[in-house]
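To find a chain, count down the sequence lines: A is the first, B the second, and so on, and within it residues start at 1. Note that this is a predicted model, so its numbers are computed, not measured.
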Protein chains: 2
Amino acid sequence: MNARPSSKILAAPALYEQVAERLRTRIFAHELPQGGWIDEQALAVEYGISRTPLREALKVLASEGLVVLKPRRGCYVTELSEQDIDEVFPVMALLEGRVAEEAARRATSADFARLTTIHAELEKHAAANNADRFFEANQRFHAALQEIAGNRYLAQLIDDARKVIKLTRRDSLRLEGRLKQSLAEHRTILEALRLKDPALAGQRMHEHLLSGRAALAKLATAG
Amino acid sequence: MNARPSSKILAAPALYEQVAERLRTRIFAHELPQGGWIDEQALAVEYGISRTPLREALKVLASEGLVVLKPRRGCYVTELSEQDIDEVFPVMALLEGRVAEEAARRATSADFARLTTIHAELEKHAAANNADRFFEANQRFHAALQEIAGNRYLAQLIDDARKVIKLTRRDSLRLEGRLKQSLAEHRTILEALRLKDPALAGQRMHEHLLSGRAALAKLATAG
DNA sequence: AGCCATGATACTGCATCCATAATTATGAAT
DNA sequence: ATTCATAATTATGGATGCAGTATCATGGCT
């Protein structure tokens with residue numbers, strides 16, 4: 001069957017890419033549980049496709065670190081150990097810090113206006129205590145910074161790292177008080193950007209990320 | 001044909017992985033030229049395999065950034081623009097700097113002895129003006145640092161970045177005087193490690209990488 | 001003479017099929 | 001009853017086949 005043919009609006013992505021995206025969504029939703037076996041046949045039947053594009057999609061996900069391919073054994077959703085998280089977050093903090101630094105150097109007044117708009121949404125959703133929308137706006141804020149920083153390779157690495165982190169079932173924004181804390185940190189970052197102080201922006205962003213990891217750690221003990 | 005079956009010494013890598021590795025080698029050797037089209041059929045015939053594992057290998061290389069997949073058009077070796085290089089190197093410098101920093105914190109005396117040994121080889125090959133061996137020893141030095149730093153994710157990113165950089169046909173070590181300069185920089189890095197000064201080691205490594213990029217830039221103008 | 005249309009060619013992308021290896025189930029022996 | 005050996009089942013990995021589309025060449029038209 002395979003979606004309606006009318007979906008071919010300007011260069012349809014390859015089937016394996018569509019499949020990869022669907023699988024990512026399911027993995028992030030933890031619908032496919034960590035460490036769980038991925039049944040190629042079942043998925044192929046479910047998607048109404050053959051195993052070929054599915055297997056190609058899995059190769060892609062494997063190089064993204066979302067699944068592990070055990071030769072002759074099959075494919076499993078990656079399990080993140082506490083150590084893994086402790087390795088990824090500092091790198092993420094480093095990269096995001098760099099983005100903030102560069103963004104502070106390059107941001108035009110138009111860029112700053114855009115960031116301010118997004119930040120206003122963060123304030124709104126935090127006030128409403130809406131973690132989902134806050135999360136979404138947060139993503140857009142970081143994405144905007146990446147664009148302003150203007151280093152696509154750096155942005156790519158951050159996106160990849162974010163995918164890995166999303167493997168965790170825990171969501172620090174759900175932690176009591178974390179949402180407000182995150183907002184406060186964002187305020188200081190925006191302030192540093194406004195001051196056009198690259199070092200300060202980088203430093204605060206760096207701390208912001210590490211603060212996120214600490215929140216995650218609290219969740220681990222709390223259950 | 002497919003290598004001798006006797007090569008199954010303890011968990012043979014999947015065929016697509018072997019193919020990916022062979023392709024990487026050919027790409028780095030510029031045997032497959034930048035921007036060049038990759039003929040799936042011809043390669044499959046040459047390797048004596050079907051197109052299936054070959055295509056899977058290409059998916060992996062694509063997510064490594066070594067090739068680009070144009071839907072319905074085929075696969076092409078990635079072309080690095082000057083801008084791409086200017087985006088990758090600063091990130092590389094950032095990551096390698098971090099590795100050096102962490103390594104300075106964690107290195108035991110045994111680790112330091114190992115680094116000293118490798119550095120001695122660098123000195124030797126630099127004296128002999130042997131760029132190939134210098135390059136190889138240089139790789140081992142950086143690999144050793146990564147291991148000492150103990151962050152596998154960080155190491156992974158560096159390895160990936162290094163692959164991208166290797167796409168360039170230019171080799172800065174061939175530049176007159178660069179080999180000696182690189183050696184001198186290595187000396188200062190080792191010195192910082194010996195002093196167990198993380199900040200200094202990180203800073204010097206960072207500069208070392210940027211210095212490498214500058215050398216590459218000179219090569220660009222020199223031809 | 002140059003340009004556009006039409007047809008031939010060739011390659012990509014997906015499906016299907018097959019061989020091999022791993023896992024599980026069954027049964028026998030200790 | 002437990003354990004080990006053996007057979008059946010199932011899934012992975014690779015090969016082959018086929019449909020759809022992009023590219024290239026040839027020929028007609030302006």
Presence of W37(A) side-chain N/O under 4.0 Å of dT23(C) phosphate oxygens OP1/OP2: no
Separation of atom CG in L69(B) from atom P in dC11(C), rounded to whole Å: 17 Å
Comparing nearest nucleotides in DNA chain C, the 5'-proximal residue of the pair P71(A), A14(A) is A14(A)
Phosphate contact (dT23(C) OP1 or OP2) by R73(A) side-chain N/O below 4.0 Å: yes
Have a look at M205(B) and tell me which of L145(B), L95(B), V99(B) forms a side-chain contact (heavy atoms from CB on, under 4.5 Å) with it. L145(B)
So how far is it from R174(B) CZ to F135(B) CZ, rounded to the nearest 0.5 Å? 9.0 Å
In this structure, how many angstroms lie between the C1' atom of dT12(D) and the CG atom of L43(A), rounded? 15 Å
Partner of E64(A) under salt bridge (charged side-chain N to carboxylate O under 4.0 Å, His left out), picked from K163(A), R162(A), K166(A), is K163(A)
Kindly say if S50(B) contacts the phosphate of dA15(D), meaning a side-chain N or O under 4.0 Å from OP1 or OP2. yes
D39(A) CG to dA11(D) P, straight-line distance once rounded to whole Å: 6 Å
Quick one: which of R114(A), R140(A), R133(A) gives a salt bridge (charged side-chain N to carboxylate O under 4.0 Å, His left out) with E121(A)? R140(A)
Can you say whether a donor on the side chain of R72(B) sits under 3.5 Å from an acceptor on the base of dT12(C), or the other way round? yes
Round to the nearest Å and state the distance from L58(B) atom CG to dC14(C) atom C1'. 16 Å
R55(B) side chain near dG13(C) phosphate (N/O to OP1/OP2, under 4.0 Å): yes
Within this structure, what is the CD1-to-P distance between I49(A) and dT16(C), rounded to whole angstrom? 11 Å
Rounded to whole Å, the CD-C1' distance (E17(A) to dT12(C)) equals 16 Å
Would you kindly give the CD1-to-P distance between I38(B) and dG13(C), to the nearest whole Å? 12 Å
Donor-acceptor pair under 3.5 Å, R51(A) side chain vs dG14(D) base: no
With respect to the side chain of T52(B), which nucleotide from dA11(D), dC11(C), dT16(D) is positioned closest? dT16(D)
What nucleotide, of dA22(C), dC14(C), dG13(C), holds the atom closest to the side chain of P53(A)? dC14(C)
Is there a donor-acceptor pair closer than 3.5 Å between any side-chain N or O of H30(A) and the backbone N or O of T168(A)? yes
Take atom CD of E40(A) and atom C1' of dA15(C), then tell me their distance rounded to the nearest Å. 15 Å
